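Below is one structure, written out as structure tokens, with a few remarks after it.
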2 protein chains.
Amino acid sequence: MIKFSKSEKIKTCFYQIESIYLRKRLRNNRTLHTNKLFQEMGGINIKKLACELNLSAATVSRALRDSHEISSETKARVLEMAKKLNYEPNPFASNLRGQKSKTIAVIVPEIANNFFSLAINGIEDVARERDYHVLIYQTHESSEIETSFLMRLLSGRVDGILISLACETVDKEHLRKVSDQVPVVFFDRVHDDIEGVKITTDDYESAYNAVQHLVENGCKKIGYLLALNTLSTGKKRLQGYLDALKYNHFPDDRKLIVESGINSDENYALIKNLIAEQKPDGILSSIEDLAMPCYYACKELELNIPADLKLISFSNLAHAELLSPSLTTINQPAFEIGVEAAGILFKIFNKRWYEPNETIILKSNLIKRESTRAVF
Amino acid sequence: MIKFSKSEKIKTCFYQIESIYLRKRLRNNRTLHTNKLFQEMGGINIKKLACELNLSAATVSRALRDSHEISSETKARVLEMAKKLNYEPNPFASNLRGQKSKTIAVIVPEIANNFFSLAINGIEDVARERDYHVLIYQTHESSEIETSFLMRLLSGRVDGILISLACETVDKEHLRKVSDQVPVVFFDRVHDDIEGVKITTDDYESAYNAVQHLVENGCKKIGYLLALNTLSTGKKRLQGYLDALKYNHFPDDRKLIVESGINSDENYALIKNLIAEQKPDGILSSIEDLAMPCYYACKELELNIPADLKLISFSNLAHAELLSPSLTTINQPAFEIGVEAAGILFKIFNKRWYEPNETIILKSNLIKRESTRAVF
DNA sequence: GTGAAAGCGCTAACAC
DNA sequence: GTGTTAGCGCTTTCAC
């Protein structure tokens, strides 16, 4: 038996692989695949690993997946060599074979948003625990982009999808088509009339309680900054506001409701106009982005928060405490929503989820601060 | 010639595929791959598409890639049918074949951070333009997690990597190994002694100018909240601070430098201690997370910002303006960094980048606000 | 201009 | 306990 030194062994392995190709090339009289030889020389794959160990690829594959058919001695050898050569199985090959991608997709309107980045944080944590990969897509609130992402994900690229819908969403048909083919879990921004598992917060109750909080602290005329109204999420917040007004026998004055415009300049103008014209003494904002302009508008109109106007907003601002004045917020458990949504997706993968149309509702937190303090 | 209705045609196609498998199964006397038939009936693939069009898979493939060999009439037919059947090529198959994944990875310490979420926003925008997918990983500042992500990406899962290093990073060896095999672009949190393309901001100048700004507004004793000091990014900020002190003939007092601790409670204690004991009249914070505790500490120590203590911080807080008092910030162009980093990665892909060791420096913006206002 | 067939790297089925 | 082989869906090479 001839003994090889390590480097000689590697060379031998390379020549062995090369000769296979050369033989085939001669046999078929074909040109070699453009960069095949280069690839063979470059990356380390299961064949080379097997060659190095004088084993078959199948055995190596089994050893790496800790199959019971393989002797523990062989397993140890394989694992050691795999580590030494930094071998990582090619995911595309195994995915193609096993029809599993070990990847989930997260589709959100914007990443650079306190709520969504916290939710993604939660999702990524859960995914990492399970050695899953996370693809991120942002729709910028465009239904068209959203649909195109969904269509691109139909091809088996991901095992499941977590989605928070764009405001503009109308195309429910596409959503249904997708969720027929790949598990989808909706979070926060949902549509009640689309079937599926949904994780939301108690939007109705939160809005209702927010109004109650304003009333208790002396508000008589409460405005509402409306957003997400194409989604169930937004509709519930609005309904909570309206029902709370009714409960307090406040008139239902639509002029007190401002609907978010097309950009932040327009929003600012609309909000300033609301405050100047209608003179509300309290405002509930259904999203954080509409609460900030209130601060600026009050500054410009020389109104004092909370003396002249009390403000409360759905928000995941980390530093609401440090605003001037500190902002009373309805704090959604964004991280937990991400964890929960991802957790359910994995349960679906493992066939441990039996409620294809369940809605899980997490509780938001009303954090009372300066902006709604009673002033006598 | 027999004509089929559409549904009959589909059935025929299915039976045709089924019969292929059944024949093989008989021939080989093997059991059918577990879920093969189900798969065949489920997803739409190139074979079924081809079958539907009475073409070969090869022709369909070429038509979809707009090859010049295919007649425009055929192309049109294929495209139409592909659209009708919602056909999306299986990415794992094409990736396996073409050794391209159309995917990039982004590795950051934390997603839920204004700077990183903005950078990811920029990256995602560029990726979407090019029909690339974006994988997200967060290291939570752990070098171990970072290395394990990098190793998992060695297998060809991604065409390139964008990374902002964890503070804890020490394992430069692994980084080198990875960047030998797959293009890597570093952004913001970089190590000068690792080779590679880097996108950073003018950290040294920013810190230097921040100190100058404090001095100009009357500060005589300026503290520094130190972070990222294991990285070049942090070292440059510190050096900027130190050099500016020297320029102003301020003593180089290490007691004025507080190094970020292991958690936010410890940070708060350290910072409060610095302010109480050393009584600085100005503080430069090298990261946003250390600036916020200053507000709380001043509140507790009954010190006024900016009268007793002026504060300036590296930060991408959207609402620095609304803090009380509004915070003077060194604003990094986070979105642009993301765009730039992704842009360079794509240039590398297209072999249009020839500077494997270049550092691109974008300018940060000093935004002067209340927290550093001169008080006389 | 189109079809047949090989092969990307891996793993399941079967053989021994 | 290990080796051989086929095939995941796609693209490319060669044949016509």
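Remember, predicted model here, so these are calculated numbers, not experimental data. Chain A is the first sequence line, chain B the second, and so forth, proteins listed ahead of strands; every chain is numbered from 1.
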Legend entry - Between dG7(C) (P) and Q99(B) (CD): distance, integer Å: 15 Å

Inset, instruction - Send over the distance from I46(B) CD1 to dT2(C) P, rounded to a whole Å. - result: 14 Å

Inset, instruction - State which of dT4(D), dC8(C), dC10(D) makes the closest approach to the side chain of K47(A). - result: dC8(C)

Inset, instruction - Consider the side chain of R97(A), meaning its heavy atoms from C-beta on, and name the nucleotide among dC10(D), dT2(D), dC8(D) that approaches it most closely. - result: dC8(D)

Inset, instruction - Quick one: list whatever passes side chain to side chain contact (heavy atoms under 4.5 Å, CB included) with E355(A), sequence neighbours left out. - result: W353(A), E358(A)

Legend entry - Selection residues 68-77 of chain A - residue pairs positive for salt bridge (charged side-chain N to carboxylate O under 4.0 Å, His left out), sequence neighbours left out: R62(A)-E69(A), D66(A)-K75(A)

Inset, instruction - Calculate the interatomic distance between N90(A) atom CG and dG7(C) atom P; express it in whole Å. - result: 18 Å

Legend entry - Global bending angle along the helix from dG1(C)-dC16(D) to dC16(C)-dG1(D), which compares the axes of five pairs at either end, to 10 degrees: 40°

Legend entry - Qualifying residues under salt bridge (Lys or Arg N to Asp or Glu O under 4.0 Å), relative to R176(B), sequence neighbours excluded: E173(B)

Inset, instruction - Report yes or no: does E195(A) contribute a side-chain atom to a donor-acceptor pair with the main-chain N or O of N357(A) at less than 3.5 Å? - result: no

Inset, instruction - Kindly write out the residues that satisfy side chain to side chain contact (heavy atoms under 4.5 Å, CB included) with V126(A), not counting sequence neighbours, or none if the list is empty. - result: R130(A), V339(A), A342(A), F346(A)

Legend entry - L154(B) CG - dG9(C) P separation (whole Å): 16 Å

Inset, instruction - Could you pull out all residues at least two apart from P91(B) that satisfy side chain to side chain contact (heavy atoms under 4.5 Å, CB included)? - result: S155(A), R157(A), N95(B)

Legend entry - Rounded distance in Å - CG (L55(B)) to C1' (dG3(C)): 10 Å

Inset, instruction - Rounded off to whole Å, could you give me the CG-to-P distance for the L49(B) and dC10(D) pair? - result: 9 Å

Inset, instruction - Check the distance between dG7(C)'s C1' and F92(A)'s CZ and give it to me in whole angstrom. - result: 17 Å

Legend entry - Partners meeting ring pair (Phe, Tyr, Trp, His ring centres under 6.0 Å) with F92(B) (sequence neighbours left out): F92(A)

Legend entry - N/O (side chain, Y87(A)) to phosphate O (OP1/OP2, dC10(C)) under 4.0 Å: yes

Legend entry - Residues touching DNA chain C, which here means a heavy atom under 4.0 Å, drawn from residues 57-71 of chain B: A58(B), T59(B), R62(B), E69(B), I70(B), S71(B)

Inset, instruction - Mind calculating the distance between CG (N95(A)) and C1' (dG7(D)) to the nearest angstrom? - result: 16 Å

Legend entry - Y87(B): partners by ring pair (Phe, Tyr, Trp, His ring centres under 6.0 Å), with sequence neighbours left out: none

Inset, instruction - Take atom CD of E88(B) as the centre, draw a 6.0 Å sphere, and report whether it contains more than 12 heavy atoms from other residues, nucleotides or ligands. - result: yes

Inset, instruction - Tell me which nucleotide among dC8(C), dC10(D), dT2(C) gets nearest to the side chain of S94(B). - result: dC10(D)

